[in-house]
Amino acid sequence: MAIDTVPPLIAAQLNYLLSHSPFPIKVEQMWSGCKNPRLLDRFTLVIPFCLDYIKWDVIYNAVYPLAAPDIIFGPEDETFRPYNGYNEAGDSKSSKNCLADWNSKDPSRLLRLIIELRDAYTTYQKKRVGEVDDDRLKFELSTMLSREGIEMCTSSGIDKPEEVRFAVPLLEMDINKLVPGSTWKRLQKIYLQVMFPVGKKSPSAPRLKLVSPAELKALFSIDDFKLPSWLEGMCMAEYLPTLEEMLQAQIIDAVSSIEVRRKFIMVLVPLLGRPLEADPVFCRKATFLACSGVFTFLVHISIPLQFPKQKPALILQSSQHFISHGVPVKSSVLTDYPWSPRWEISEMAGRIFDFLVEECLNFKKYCNESMVLLR
């Protein structure tokens, strides 16, 4: 829906929230709560929490946009009362919160409110987990108290046994600073999701999964990382140091691989010329303009994270042959050429060049045949 149907004061609050939030918040839906259905003054926020999402409805009043909004929490959180006894250490009446001194003309107020409520929700879920009657869980909690940033919650369903889920932030290193020129807008963090079954007489190993932002896949794929085994009788305090040591080593290796890929692209320059386009940060892609006689074409090179263990993938694209709607003719993905990760980078580049010298003739023939079929 058009943003100009949102009252200006509310729109300013929402836009500031979406552009300045330290965690990725999304708007799931917007609707009107007043007589004029074109004035959208209510919306659902999808907020990340414990490697999942919570959904809260934010209820403004378009007729009275200066008033603070109401927040409606999910049906599973009926006992969540963030401002009841807000300051348990002192006088709750004197405690200040974002709603107590609301200023609708300050666009940052909604963001401050959501962060405050999310912090309160984190404390609320931690208290609920602490009340679970499970000796093993209580022991695990006691061993992880010194770790900062852990989020936790309980989960259960009709056909699902009760579990406690942990989101454990890993590594103290700042991954963003390891990659010069990175355009990441948010801090890249890797988490371990831990699912503990509750109430079992014979405790089984928890379910473990690594989770990271999608943007991090340009540097390091957690899908390719093999978690260390969980040994019988082990606890999280024993498991995490080994995991972090392995993970840190692979992250550092992934960062050093950027320079290897950069050198590979540079070695291709004397053979194919300067690239028309190249990924300057992660060095995963490069496009060169090549020719064979009067036939000119583009060479798209995709370099895998596991380079040089895995060979680059090539796609040829004609600059002279087009199919319907002006779409250029392209080859299929080409990887059927000689390769060895033990070769020097110069030999790798030379082998690709030799392959292209022959393959471009096949591609030219394919382009001409494609044009005949279209006539």
Side-chain angles (χ1 to χ4, degrees), residues 21-25 46-56 73-74 76-77 79-80 82 86 88-89 114-156 161-176 186-200 203-216 220 222 225 227-231 233-248 250-251:
S21 173
F23 38 82
I25 297 179
V46 181
I47 304 166
F49 174 76
C50 201
L51 302 179
D52 202 346
Y53 296 93
I54 49 178
K55 296 182 180 182
W56 293 346
F73 308 112
E76 68 280 2
D77 294 317
T79 58
F80 178 43
Y86 183 78
E88 296 180 358
I114 295 301
I115 290 177
E116 182 176 274
L117 290 175
R118 190 183 181 282
D119 289 344
Y121 187 77
T122 301
T123 302
Y124 160 76
Q125 284 290 355
K126 185 176 181 180
K127 183 179 179 182
R128 288 186 63 187
V129 170
E131 293 170 349
V132 174
D133 186 16
D134 186 283
D135 291 338
R136 179 204 187 175
L137 182 62
K138 293 182 183 298
F139 173 73
E140 291 286 356
L141 281 172
S142 69
T143 66
M144 292 191 288
L145 289 177
S146 60
R147 277 189 169 259
E148 295 184 1
I150 294 180
E151 294 182 349
M152 61 192 75
C153 65
T154 60
S155 62
S156 60
E162 185 179 7
E163 291 183 317
V164 171
R165 181 170 68 246
F166 290 89
V168 184
L170 302 173
L171 305 177
E172 294 183 357
M173 64 168 63
D174 188 338
I175 299 177
N176 293 49
R186 292 185 172 89
L187 184 66
Q188 298 298 299
K189 199 72 180 174
I190 299 176
Y191 292 85
L192 178 66
Q193 183 182 71
V194 187
M195 302 289 285
F196 276 110
V198 174
K200 288 192 175 183
S204 57
R207 290 187 286 121
L208 307 171
K209 181 182 178 181
L210 284 181
V211 180
S212 71
E215 300 96 319
L216 189 61
F220 174 75
I222 59 172
F225 181 85
L227 287 168
S229 300
W230 181 280
L231 304 178
M234 181 176 274
C235 68
M236 289 301 300
E238 296 172 299
Y239 184 81
L240 291 175
T242 301
L243 170 61
E244 289 186 308
E245 184 178 345
M246 293 172 57
L247 195 57
Q248 179 169 330
Q250 292 203 22
I251 289 289

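- What you find for Asp77 and Gln125 is that their closest heavy atoms are OD1-NE2, 3.8 Å.
- Considering every non-hydrogen atom in both Phe49 and Met152, the closest pair reads CZ-O, 3.7 Å.
- One distance of note links CG of Leu210 with CG of Leu227; it measures 4.5 Å at 0.5 Å rounding.
- Residue Glu131 places its CD atom among more than 12 non-hydrogen atoms of other residues, nucleotides or ligands, all under 6.0 Å distant.
- The existence of a salt bridge linking Arg128 and Glu76 is excluded, since no basic side-chain nitrogen approaches an acidic carboxylate oxygen closer than 4.0 Å.
- To the nearest 0.5 Å, atoms OG (Ser212) and CG (Leu192) are separated by 12.0 Å.
- Between the side chain of Lys138 and the backbone N or O of Val132, at least one donor-acceptor pair lies under 3.5 Å.
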For residues 235-242, dump all side-chain donor-acceptor pairs below 3.5 Å to protein atoms at least two apart in sequence or in another chain.
from, atom 1, to, atom 2, distance (Å)
Glu238, OE1, Cys235, N, 3.0
Tyr239, OH, Pro228, O, 2.9

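- Put simply, the side chain of Lys55 never gets that close to the backbone of Ile47: no donor and acceptor are under 3.5 Å apart.
- Within a 6.0 Å radius of NZ in Lys189, more than 12 heavy atoms belonging to other residues, nucleotides or ligands are found.
- Contacts classified as ring-ring contact (aromatic ring centres under 6.0 Å, His included) and involving residues 124-151 (residues at least two apart or in different chains) are given here: Phe80-Tyr124, Tyr121-Tyr124.
- In this structure, Ile251 CD1 and Leu247 CG are separated by 5.5 Å, a value rounded to the nearest 0.5 Å.
- For Glu245, the CD atom is loosely surrounded, since the number of other residues' heavy atoms within 6.0 Å does not exceed 12.
- Between the side chain of Arg147 and the backbone N or O of Leu170 there is no donor-acceptor pair closer than 3.5 Å.
- With hydrogens and angles disregarded, no donor-acceptor distance shorter than 3.5 Å links the side chain of Ser229 to the backbone of Leu231.
- Closest heavy-atom contact between Phe23 and Pro48: CB-CG, 3.9 Å.
- Panel note: side chain Gln250, backbone Gln248; no donor-acceptor pair is recorded below 3.5 Å.
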